[in-house]
Amino acid sequence: MKASLTFAAFASLAAVNAHTTFQYFQNAGVDYGSDYLRIPPNNNPVTDVLSSVMGCNVNGSVGKPKKATVAAGSTFTAEFHHESRTSQGIDPSHKGATIAYLAKVSDATTASDQGLNWFKIHQNGNINPWASDSFNANGGKWSFTIPTKIANGDYLLRAETISLHGAASYPGAQLYFGCAQITVTGGTGGSPATVKFPGAYKGSDPGITFQLYYPVPTSYTVPGPAVYTG
């Protein structure tokens with residue numbers, strides 16, 4: 001009982017000071033900011049995986065004026081921070097995974113985030129070290145490859161980190177995410193399997209309800225579909 005109380009108190013204290021948002025991204029040597037990103041109005045997490053904001057977060061249907069041209073097969077780097085760009089990516093207590101999705105849209109600057117067809121293009125569920133530790137040590141940055149076997153055109157790119165310090169019961173996992181507005185070029189076409197947000201995650205998923213502290217975990221199952229390997 002004493003250990004459980006200690007863990008609960010620690011998680012509660014950590015939650016006060018350690019939130020994060022998707023604030024910048026890099027591709028082909030270019031640094032992109034808020035004109036290209038649907039950033040939520042604050043750094044509070046989403047904990048209800050059935051919420052209507054699970055697409056691009058709060059105000060996620062409100063487009064930004066610009067979209068970045070991104071080549072299929074290129075490296076995309078997402079950058080998360082607790083507050084300003086000089087702050088840490090996330091508090092070290094917030095262990096968890098990184099995930100990324102794409103959804104095809106007609107115009108990334110105006111498309112709603114509701115009812116879209118999303119496919120997963122990245123996940124890092126490593127626990128030694130945790131993905132969150134890795135990106136925190138890298139200035140809030142984590143990278144993945146844009147698939148080559150996708151259609152050209154506009155997409156919303158949803159980058160997400162899931163923090164598990166409070167995930168022993170649902171709702172407790174903290175989801176931090178936002179959407180970049182991009183135009184993909186050089187794709188060769190493809191038909192990835194897709195999911196909806198909300199709908200891709202359930203509260204009972206082992207990657208959403210998860211005991212971080214005791215017994216000490218030996219693995220972690222990232223929620224959602226398999227990564228599209230095109």
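Note that the numbering runs from 1 along the sequence shown for the chain.
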Taking the side chain as every heavy atom from C-beta outward, state whether Leu212 and Tyr220 have any pair of such atoms under 4.5 Å apart.
no
Are Trp142 and Ser134 close enough that some pair of their side-chain heavy atoms sits under 4.5 Å apart?
no
Just checking, any donor-acceptor pair under 3.5 angstrom between side chains of His81 and Glu79?
yes
Please round to the nearest 0.5 Å and tell me the distance separating atom CZ of Phe210 and atom NE2 of His165.
13.5 Å
The residue among Leu37, Val70, Ile146 that forms side-chain contact (heavy atoms from CB on, under 4.5 Å) with Leu157 is Ile146
Asn136 side chain vs Ile90 backbone, donor-acceptor pair below 3.5 Å:
yes
Do Val227 and Trp118 belong together in a cluster built from hydrophobic side chains that touch within less than 4.5 Å?
no
Those residues that, when tested against Phe177, pass ring pair (Phe, Tyr, Trp, His ring centres under 6.0 Å) (two or more places apart)
none
Do Thr183 and Asp154 meet the criterion of a side-chain donor-acceptor pair at a distance under 3.5 Å?
yes
Does any non-hydrogen side-chain atom of Ser132 lie less than 4.5 Å from one of Thr98?
no
Please determine whether a side-chain nitrogen of the Lys or Arg among Asp113 and Arg158 lies less than 4.0 Å from a carboxylate oxygen of the Asp or Glu.
no
According to the interplanar angle, ranging from 0 to 90°, do the rings of Tyr32 and Tyr36 count as parallel (below 30°), tilted (30 to 60°) or perpendicular (above 60°)?
perpendicular
Side-chain donor or acceptor of Lys149 paired with backbone N/O of Gly189 under 3.5 Å
no
Whether the side chain of Asn124 engages the backbone of Ala131 through a donor-acceptor N/O pair (distance < 3.5 Å, no angle test) should be reported.
no
Can you check whether Asp107 reaches Val105 side chain to side chain, under 4.5 Å on heavy atoms?
no
Under a 4.0 Å N-O cut-off, is there an ion pair linking Lys95 with Asp133?
yes
Whether Asn59 side chain and Pro40 backbone form a donor-acceptor pair below 3.5 Å
no
Contact check, side chains of Phe22 and Thr161, non-hydrogen atoms, under 4.5 Å
no
Measure the OG1-CD1 distance between Thr221 and Ile208 for me, rounded to the nearest 0.5 Å.
11.5 Å
Taking atom OH of Tyr155 and atom CD1 of Ile182, what is their separation to the nearest 0.5 Å?
8.0 Å
With distance as the sole test, does Thr145 use its side chain to make a donor-acceptor pair with the main-chain N or O of Pro147 at under 3.5 Å?
no
Answer with yes or no whether the side chains of Ser74 and Asn27 bring together a donor and an acceptor at under 3.5 Å.
yes
Exam field: side chain Arg38 to backbone Cys179, donor-acceptor pair closer than 3.5 Å
no
Considering only heavy atoms from C-beta outward, does the side chain of Asp91 approach that of His82 to under 4.5 Å?
no
Are Arg85 and Asp31 ion-paired here, with the side-chain N under 4.0 Å from a carboxylate O?
yes
Shortest non-hydrogen pair, Asp35 vs Lys64, comes out as O-CB, 3.1 Å
Without placing hydrogens or testing angles, list every side-chain donor-acceptor pair under 3.5 Å for residues 195-206, not counting sequence neighbours.
from   : atom 1 : to     : atom 2 : distance (Å)
Lys196 : NZ     : Gly115 : O      : 2.9
Lys196 : NZ     : Asn117 : OD1    : 2.8
Tyr201 : OH     : Tyr101 : OH     : 3.0
Tyr201 : OH     : Glu160 : OE1    : 2.7
Lys202 : NZ     : Asp205 : OD1    : 3.1
Asp205 : OD2    : Lys202 : N      : 2.8

Could you report the tightest heavy-atom contact between Gly207 and Ile162, atom names first, then the distance?
O-CG2, 4.4 Å
Just verifying a value: how many Å separate His122 NE2 and Leu102 CG, rounded to the nearest 0.5 Å?
12.0 Å
Donor-acceptor contact present, side-chain Lys104 to main-chain Gly153, <3.5 Å
no
For the atom pair CG (Asp48) and CG (Leu50), what is the distance rounded to the nearest 0.5 Å?
5.5 Å
Heavy atoms of Gln181 and Lys66 approach each other most closely as NE2-O, 2.7 Å
Testing the basics here: between Leu164 and Ala173, what is the closest heavy-atom pair and its distance to 0.1 Å?
CD2-CB, 4.5 Å
Given the side-chain rings of Tyr176 and Phe80, with only the six-membered ring counted for Trp, is the space between their centroids under 6.0 Å?
no
Check: His19 and Pro45 side chains under 4.5 Å, non-hydrogen atoms:
yes
Can you see which heavy atom on Val58 is nearest to which on Val53, and at what distance?
N-CB, 3.9 Å
Transitively linked via ILVMFWY side-chain contacts under 4.5 Å: Val62 with Leu116?
no
One pair to check against side-chain contact (heavy atoms from CB on, under 4.5 Å): Thr185 and Thr69. What are the steps and the verdict?
CA-CA 7 Å; Thr185 62; Thr69 299; 3.8 Å; yes
If you compare all heavy atoms of Thr86 against all heavy atoms of Ser84, which two are closest, and at what distance to 0.1 Å?
OG1-OG, 2.9 Å
Does either side chain, that of Thr21 or that of Gln23, offer a donor lying less than 3.5 Å from an acceptor on the other one?
yes
Asn138 side chain vs Lys141 backbone, donor-acceptor pair below 3.5 Å
yes
Nearest-0.5 Å distance that lies between atom CD1 in Ile121 and atom CD1 in Ile99:
12.0 Å
Using only atom types and a distance under 3.5 Å, with no angle test, would you say the side chain of Tyr24 pairs donor to acceptor with the backbone of Thr77?
no
If we only count heavy atoms from C-beta on, is the Leu175 to Val49 side-chain gap below 4.5 Å?
yes
